[in-house]
Every structure is written in structure tokens, then in C-alpha cells.
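This report refers to the structure that appears directly beneath it.
Numbers here are sequence positions counted from 1. Atoms within each ligand, like the ligands themselves, are counted from 1 in listed order.
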Amino acid sequence: VSEHPPAVEHLATPVSAGDLRALAELLADAVDSGAAVSFLAPLTLDRAEDWWRTTLNSLHPRAGTFIVRDAAARIVASAQIHPAWAPNQPHRAEVCKVMVHRTARGRGLARPLMLAIERHARDHAISLLTLDAKRGSIAHALYERLGYTLAGTIPAFALDTDGLTPHDAVVMFKHLA
Ligand SMILES: CC(C)(COP(=O)(O)OP(=O)(O)OC[C@H]1O[C@@H](n2cnc3c(N)ncnc32)[C@H](O)[C@@H]1OP(=O)(O)O)[C@@H](O)C(=O)NCCC(=O)NCCS
């Protein structure tokens, strides 16, 4: 555990080629680790880079990408907040792609990232955060401890990274005071 709280940074766009590569490696590492982050294994770095490029090029004006860098300034953790598209949900945003590289896990990076998401939400008049997670995952436990409420469980919501095994998802929400 580090003595100092990690510096969470708001990632400005456009991002450098080096940052794009590191984000791709972070996503590929999460898939390799079996995490439920949309993709099946193996995820090539080119495909991961394509996904990040498309996502970062089409961000909602009130969206935010938060990252943590290691001592060598390499991105090792990320989390995104995507405001709802719907005009009748100006107060809601989805939390996505909360990922910490396996080399940096267990050092308390995820919690400050999630708190940065909450600050960003408040600053942008967003008062409701929603997300889904694989039931029973570390992420699920993290969101519970951060005060997210379970809306329900959806059986067989997605496939494990093997592309074969269905898993349940928890849908959770948090109203910001
Ligand atoms: C979920 C994830 C982001 C947590 O990142 P992290 O930086 O290792 O987490 P932290 O060190 O900040 O720990 C967060 C909490 O989880 C707990 N935790 C961390 N690793 C754990 C483990 N292996 N088993 C059980 N609990 C664990 C910590 O005790 C901590 O609890 P606390 O905040 O109440 O003290 C990381 O495991 C990850 O990237 N997983 C793969 C991607 C993923 O599944 N993302 C979610 C998609 S919905």
C-alpha cells in the first residue's frame, strides 16, 4: 500500500500515441485477467486501441475519463463516466470500464478513481450513477462498499472471456447527495 493517495488525472483528449497504447494494454490485460469488460479473449492490442480511439473521439460533452499513472508516467488504471444520451435523463450517467492493470492492483487505485467520477458527476449536475458488474466480482464488492445499491441481478447477462460461459450481472445505482 502506497503512503500517498494516488494522483487521479482527468484524461484530456486527444490523447498521445503512448497513452493510447497504454490504455489498449490496460484493456487487453483486463480481458486476459478474465474481467467482464465487454470483450472476449484474446483481445489484440490493435482492436483495443481501435475501441479506445472510437470511444475517446465520440465522448459526450459531459463525459470524463479518469486515469492513474505509475512512476514511469504510464497509464495503469482508468474509469469512465458516460452521461445518458436521453434528454429526459440529464441527471444520469453510466460508470464504465473501471480497470486497474494487474501489476497495479490491490494498492487502492480503484476507490480514488471512483471518487473522481463522483466529483465529476457533481460538477456536471449529474446526481444518479448507474453501472453493471459481474455478480461476485471484486468490482461488485467495490461498488457495494462505495455505497451503490443493488437494483437487481440479471441471469446470464454476458459471457465470460472464454466466449462460452454465461455469467450473471448485478445492476447497481447511486444517488449522489
Ligand atoms: C475491480 C478493480 C478495478 C479493483 O482495482 P484495485 O485498484 O485493485 O482495487 P483497490 O486496491 O482500490 O481495492 C478496492 C477494494 O477492493 C478490495 N479488493 C481488492 N482486491 C481484492 C481481491 N483480490 N479480493 C477481494 N477484495 C479485493 C480491496 O480490499 C478494496 O476494498 P476497500 O476499498 O473497502 O478497502 C480491479 O480488480 C480490476 O481492474 N478488475 C478487472 C476489471 C473489472 O472487472 N472491472 C469492472 C468492470 S464492471
Side-chain angles (χ1 to χ4, degrees), residues 1-11 19 21-43 45 47-49 51-52 55 63-84 92-121 128-163 165-174:
V1 174
S2 121
E3 294 163 36
H4 305 290
V8 176
E9 178 186 322
H10 182 263
L11 185 68
D19 278 355
R21 199 61 176 178
L23 287 168
E25 283 172 4
L26 175 60
L27 179 57
D29 178 72
V31 174
D32 257 7
S33 79
V37 284
S38 310
F39 292 97
L40 301 179
L43 176 64
L45 288 181
R47 181 126 192 262
E49 243 186 66
W51 180 85
W52 273 109
T55 302
T65 306
F66 293 89
I67 57 150
V68 178
R69 298 179 188 273
D70 67 9
R74 181 174 190 75
I75 296 173
V76 290
S78 79
Q80 289 199 305
I81 171 168
H82 289 294
R92 185 179 76 82
E94 189 87 12
V95 181
C96 307
K97 297 285 182 297
V98 180
M99 303 182 288
V100 175
H101 197 282
R102 275 178 291 183
T103 56
R105 286 192 196 164
R107 294 186 206 158
L109 300 194
R111 177 179 282 265
L113 272 173
M114 293 298 291
L115 297 179
I117 294 269
E118 291 188 17
R119 271 196 303 279
H120 177 94
L128 174 60
L129 297 176
T130 54
L131 55 78
D132 62 71
K134 177 172 172 172
R135 185 170 62 86
S137 63
I138 297 168
H140 176 186
L142 169 73
Y143 302 145
E144 264 181 349
R145 277 199 298 279
L146 286 167
Y148 283 77
T149 302
L150 178 69
T153 301
I154 304 180
F157 182 75
L159 299 177
D160 283 345
T161 52
D162 63 7
T165 318
H167 65 250
D168 302 347
V170 286
V171 179
M172 308 182 85
F173 66 92
K174 182 171 182 176

Could you pull out the N/O contacts under 3.5 angstrom between ligand 1 and the surrounding protein atoms?
residue	atom	partner	partner atom	Å
ligand 1	7 (O)	Leu109	N	3.4
ligand 1	7 (O)	Ala110	N	3.2
ligand 1	8 (O)	Gly106	N	2.7
ligand 1	11 (O)	Arg107	N	3.3
ligand 1	11 (O)	Gly108	N	2.7
ligand 1	12 (O)	Leu109	N	3.4
ligand 1	12 (O)	Ala110	N	3.0
ligand 1	16 (O)	Arg145	NH2	3.1
ligand 1	31 (O)	Arg145	NE	3.3
ligand 1	31 (O)	Arg145	NH2	2.8
ligand 1	33 (O)	Arg111	NE	2.9
ligand 1	33 (O)	Arg111	NH2	3.2
ligand 1	34 (O)	Arg111	NH2	3.4
ligand 1	34 (O)	Arg145	NE	2.5
ligand 1	39 (O)	Val100	N	2.7
ligand 1	39 (O)	Val100	O	3.3
ligand 1	39 (O)	Arg105	NE	3.4
ligand 1	45 (N)	Val98	O	2.6

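The 12-atom threshold is exceeded at CZ of Arg105, counting heavy atoms of other residues, nucleotides or ligands nearer than 6.0 Å.
A salt bridge links Asp19 and Arg69; the closest N-O separation between the charged side-chain nitrogens and carboxylate oxygens is under 4.0 Å.
At least one donor-acceptor pair under 3.5 Å links the side chain of Asp29 to the backbone N or O of Arg102. No donor-acceptor distance shorter than 3.5 angstrom exists from the side chain of Asp132 to the backbone of Val170, with no hydrogens or angles considered.
For the side-chain contact (heavy atoms from CB on, under 4.5 Å) test with Val76, the passing option among Leu26, Val100, Leu109 is Leu109; the others fail.
Taking the six-membered ring for Trp and the full ring otherwise, the centers of Phe157 and His167 sit at least 6.0 Å from each other.
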